[in-house]
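Here you go, one structure.
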Amino acid sequence: MIVAIRLATAADAEGLPDIERDAGRSFLAIPDLAWIASHDLTSAEHLSRIPAGTVWVAEDADAGLVGFLNAEALDGEMHIWEAAVRRDFQQRGIGARLIETAADRARAAGLAALTLTTFRDVAWNAPFYARNGFEIVEGDARLSTLLSREAERGLQRRCAMRRRL
Ligand SMILES: CC(C)(COP(=O)(O)OP(=O)(O)OC[C@H]1O[C@@H](n2cnc3c(N)ncnc32)[C@H](O)[C@@H]1OP(=O)(O)O)[C@@H](O)C(=O)NCCC(=O)NCCS
């Protein structure tokens, strides 16, 4: 397994929803979150952020694209909209490498932090991000708005997190 992390190109966009769908199947193990397995970004949503240089992919020499991180510069910070790694490639550090790549590029671009919203009590969500340098934040205006919008869409037990760079 030789997995390289690189910037996504427009040609990668159509393959990313498949990775997300496969990764999301991990949520089938959590009965009240099983519906997350069928929720994902469209290739158009990926494509829209690729030109800004804020989407990265993990590519295996044999298997092709196996993961991605989709982010956007917002208010001087890099917000991670989605990260996903194909289940047969999970728990080998690829997610952590995608985060480090985003952190390096965000720092080089003069951004102050990485931010995201995620599930508080899912092992591969908030606890995973905490191990990768993120802290739970309360009361931030931009992130609180995102959490409110998520709650309107039925997402519960979410939290906002920030990793200062
Ligand atoms: C989150 C995700 C991208 C991490 O990718 P990854 O390549 O497995 O990341 P890493 O190998 O660097 O670390 C995975 C961590 O999840 C933890 N984990 C715990 N239970 C797990 C499980 N059932 N399945 C996968 N990971 C689990 C591992 O312990 C590991 O942390 P550690 O190595 O620090 O102990 C991947 O799990 C994924 O695609 N999940 C589904 C989609 C998702 O939830 N995305 C995030 C939305 S905000």
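Just so it is clear, the values below take in all heavy atoms, side chains as well, and ignore hydrogens, waters and symmetry mates. None of these values were measured; they are calculated from a predicted model. Counting starts at 1 for both ligands and their atoms, following the listed order.
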Kindly determine whether F27 and W124 satisfy ring-ring contact (aromatic ring centres under 6.0 Å, His included), including the steps that lead there.
CA-CA 10 Å; F27 286 98; W124 55 91; 5.5 Å; yes
Let me know which protein residues bring a heavy atom to under 4.0 Å of ligand 1; chain then number is fine for ordering.
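For ligand 1, the residues that come within the 4.0 Å heavy-atom cutoff are A23, F27, E82, A83, A84, V85, Q90, Q91, R92, G93, I94, G95, A96, T117, T118, A123, W124, N125, F128, Y129, R131.
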Flag the pair F128 / F134 as yes when their ring centroid distance falls below 6.0 Å, and as no otherwise.
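F128 vs F134: aromatic centres not under 6.0 Å.
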Does one hydrophobic cluster hold both L114 and L111, with members joined at side-chain heavy-atom distances below 4.5 Å?
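Linked, L114 and L111 end up in one cluster.
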Over all heavy atoms of both residues, which pair between V57 and L7 is shortest? Give the atoms and the distance, please.
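Looks like CG2-O, 4.4 Å.
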Residues in side-chain hydrogen bond (donor to acceptor under 3.5 Å, both in side chains) with S26, at least two apart?
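Here no residue qualifies.
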Would R158 and F119 count as a cation-pi pair here, with the cationic atom under 6.0 angstrom from the ring centre and within 45° of the axis?
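Here R158 passes the 6.0 Å and 45° test against F119.
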